[in-house]
Amino acid sequence: MMVAIRRYAPYVDIEKVDEAYHYAEAKHADQKRKDGSPYIIHPLAVAEIVAEIGLDTDAVLGALLHDCIEDTDSSFDDIARRFGKTVAELVEGVTKLTRVQYSTTEEQQMENLRKMFMAMSKDIRVILIKIADRLHNTRTLQYQTPAKQISKSMETMEIYAPLAHRLGMQKIKWELEDESLKYLEPKAYQEIMDYLDAHQAQANEFMRGVQSKITTRLSGVGIHGKIYGRIKHVYSIYRKMKSQNKTIDELYDLYAFRIIVDTIPDCYNVLGHIHDLFSLVPGRFKDYISTPKPNMYQSLHTTVIGTDGIPFEVQIRTWEMHQTAEYGVAAHWKYKQGINKTGEEKDFEWIRRLLESQQDTDAEEYVHSLKVDMFDDEVFVFTPKGKVISLPQGSTPIDFAYAIHSAVGNSMVGAKIAGRIVKFDEPLKNGDIVEILTSKTAKGPSRDWLKICKSNQARNKIKQWFKKECREDNIVHGKASFEAELRHMNLNPNILNDEELLPNLLKKVCFDTLDDMYAAIGYGGITAQKCVGRIRDELLHAGKPPKDPKATGLNLGKAPTRNESGVIVGGDIGSCMVKFSRCCTPVPGDDIIGFITKGYGVSIHRKDCPNAKGASDPAQADRWVHVTWANTESEPFSTTLEIDSTARQGVFLDVATILASMKVRVTEISARDLPDDRCLTLATFDVKNLEELNTIRQKIRGLSGVTDVRRGRN
């Protein structure tokens, strides 16, 4: 591997690299990889990847040492003293990112992503080393447990592959996707690989014929370049099969050819010859040379049909564009050795925007919007003066207006595309010329715009306007949403009247006053669901009733009454606050019984719940009450299933697929390995009644390897 580093990066200080290798080898001497090999194999492999993508000496040293601070007794000061402060900062930066876990809550995701973007904004090499680290770990996933293979592959698909795409590192992105698909969809992956292997000879013959035809034409007109064909990578084929609902033998555009030439004029000359040799597929030409992608990618794309009727894509670029296409931001080091190693400011403006967009944003919405802003395909549109604006696919004139300036968005009263008045929710298409109509008397953005706009940047600027301009209005809207959510969660709004409990509740939601919380809900800084969820947990943990007796919701009366929860409570209890026990998660259709709690109304249990056995205890008989389900449509009920199965690959995804197909709201799903090659999957979701739950249970029972599906705890 040291030979490979020297071959890929002959410009590095090989003496320093050798010193770092021996230092890391000594520090990791007692550690082994999962396959039993010496641990030093991993940092050495990461350093080789870093060298291959063209980074400098400090980055190669950082890759060799990237696990030393976390896994050995090495310190920042020790590494800084031996290899320099820059290398120590790279190692420390990667160490912080190593702790990123994307299966945690949205708040933790947002914090981890914030750390990642902060590290990137300071020195992009930190994330490049981390991506190299993930690439080698992905290559060696076969030594991990099945559960670990799935969790790491999902994390790679959701975060690292799209991040590599956003940085323009297509070669690494493809490998991350293909390796992850192998564990997430092993049957589909193997089906594609078997097909490609069976048709390899036919594919090679087709590609040789096309390549020969292009080579002959370009040689005849004196254009020098390299031409080669390839079959599109496995995950790309898998996505086409899914999106087009076709089998692999029904797909036609499986082939892609690259033509690499010396100059930009040669690119356009080659394009003309390609269109002369083959029939153009209308609407499939894209010029990313004159309009580069935000990740610096440049190339001409066209799709044509050969004489045998098979369509294929042709990409035409220069050698420098090719390096950028393969290695993205890392290509800067190949062409600008020693110059501005943290990249051009304009190249990483998107990182600054992502950091800014987290302010005043609810964590769950931020993480979702981030994936749209950062990972979706782009659409390129123009201002009337010809300036190119890049937006997420599906963006609207609202996104365009705020991309120009927040003042333009706030004063927007209309929009035109190619001179034609359009609605605010009109999706923008590549090449659209968009004009925003503004007015000094505009009242500002509408709350409905938050549902229309696609980009996190626009959504954040709209929220900032509401936060600054409409506090009183925000308080009214926020309070209404908050109290509605309290009722939805079967909590009495009077709980906020308890002066002793209120400070703890406000601390739980991180606000100084109720009005501050209402205002934040009103302008979209946090959701009412999130606030009520946190307060509910605090009430349950507090273990005491609100100070106001009325807040318990227990009022004496004789007549059975239907609570808003959809439960009829009888006996000596009238209108009351009802909550559903987390120990057995009853849903409409279950045989149920109620227990009068001290301060929280009536707790509803299934009659077969272990905690309901106390109903037969004479000492507690007066606290158990007869309850029945109301014969009306009610809100969904949360419940949990425990699924026992063999520890086969894909069972987790199969369960998730069934829940998605049933269109139920899944709040949590997890899996863990058990002894004897078994697996336990826990899924928490909302259902309307027992009939719907039994249908889901029946479908899950039909999965391969599933041995038991039972009700669990929420």
Side-chain angles (χ1 to χ4, degrees), residues 7-12 51-56 128 164-165 167-174 204 206-233 255-281 284-304 306 311-341 343-344 346-347 378 380 388 390:
R7 182 177 72 253
Y8 287 129
Y11 48 82
V12 301
E52 182 183 356
I53 64 178
L55 299 190
D56 58 3
L128 298 180
H165 168 71
L167 293 169
M169 307 169 74
Q170 299 305 310
K171 184 177 180 181
I172 289 177
K173 167 185 174 282
W174 291 340
N204 289 341
F206 170 77
M207 288 188 290
R208 278 196 299 268
V210 172
Q211 188 169 342
S212 175
K213 194 170 185 177
I214 297 174
T215 301
T216 300
R217 169 61 71 92
L218 297 187
S219 297
V221 296
I223 297 178
H224 302 287
K226 183 175 182 180
I227 305 152
Y228 60 94
R230 63 175 176 85
I231 297 176
K232 293 186 177 180
H233 69 292
Y255 305 98
F257 291 83
R258 288 202 187 116
I259 304 173
I260 308 174
V261 293
D262 296 327
T263 66
I264 291 177
D266 282 346
C267 291
Y268 289 97
N269 286 336
V270 169
L271 179 68
H273 288 290
I274 294 299
H275 287 170
D276 184 45
L277 285 171
F278 308 100
S279 298
L280 171 67
V281 176
R284 296 295 298 271
F285 168 67
K286 294 179 181 178
D287 185 349
Y288 293 119
I289 292 180
S290 62
T291 308
K293 290 188 176 184
N295 61 13
M296 300 172 291
Y297 178 87
Q298 288 183 286
S299 189
L300 298 177
H301 287 198
T302 187
T303 300
V304 295
F312 56 91
E313 184 180 50
V314 180
Q315 301 170 356
I316 308 165
R317 59 180 69 142
T318 65
W319 288 102
E320 184 169 351
M321 292 174 191
H322 179 63
Q323 284 297 132
T324 301
E326 295 283 290
Y327 299 116
V329 60
H332 277 257
W333 277 267
K334 281 187 178 292
Y335 286 91
K336 301 178 182 178
Q337 283 298 324
I339 302 176
N340 196 14
K341 291 185 173 60
E344 301 288 345
K346 62 181 178 62
D347 294 334
E378 296 87 14
F380 299 95
V388 180
S390 170

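Heavy atoms only: backbone and side chains are in, while hydrogens, waters and symmetry mates are out.
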Determine whether [X] and [Y] make a side-chain contact, defined as any pair of heavy atoms from C-beta on separated by less than 4.5 Å.
X	Y	answer
I214	F278	yes
P292	Q298	yes
V314	V270	no
I259	I223	no
I53	K171	no
I289	Y268	yes
E326	Q170	no
D262	W319	yes

- Query: What are the two closest heavy atoms between A325 and R317, and how far apart are they?
  - Reply: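 Between these two residues, the closest heavy atoms are CB-NH1, 3.5 Å.
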
- Any donor-acceptor N/O pair, T216 side chain to S212 backbone, under 3.5 Å: yes

- Message: Whether the side chain of T318 engages the backbone of V261 through a donor-acceptor N/O pair (distance < 3.5 Å, no angle test) should be reported.
- Response: no

- Note on the structure: In F257, Y288, F285, F312, the residue satisfying ring pair (Phe, Tyr, Trp, His ring centres under 6.0 Å) with H301 is Y288

Say you draw a straight line from [atom1] of [X] to [atom2] of [Y]; how long is it, rounded to the nearest 0.5 Å?
X	Y	atom1	atom2	value
T303	E313	OG1	CD	5.0 Å
K213	L277	NZ	CG	6.0 Å
I316	M321	CD1	CE	11.0 Å
T263	E320	OG1	CD	12.5 Å
L218	D266	CG	CG	9.5 Å
R217	D276	CZ	CG	4.5 Å

- Message: Tell me whether R230 at atom CZ has more than 12 heavy atoms from other residues, nucleotides or ligands lying less than 6.0 Å away.
- Response: yes

- Message: So for atom NZ, which belongs to K286, do other residues, nucleotides or ligands contribute more than 12 heavy atoms lying within a distance under 6.0 Å?
- Response: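 No, NZ of K286 has 12 or fewer neighbouring heavy atoms, counting only those of other groups under 6.0 Å.
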
- Note on the structure: Sorted by chain and number, sequence neighbours left out, ring pair (Phe, Tyr, Trp, His ring centres under 6.0 Å) with H273 holds for none

- Residues forming a side-chain contact (heavy atoms from CB on, under 4.5 Å) with T215, sequence neighbours excluded: Q211, S219, I227

- Relative to the ring of H322, is the ring of Y228 parallel (under 30°), tilted (30 to 60°) or perpendicular (over 60°)?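 It falls in the perpendicular class, over 60°.
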
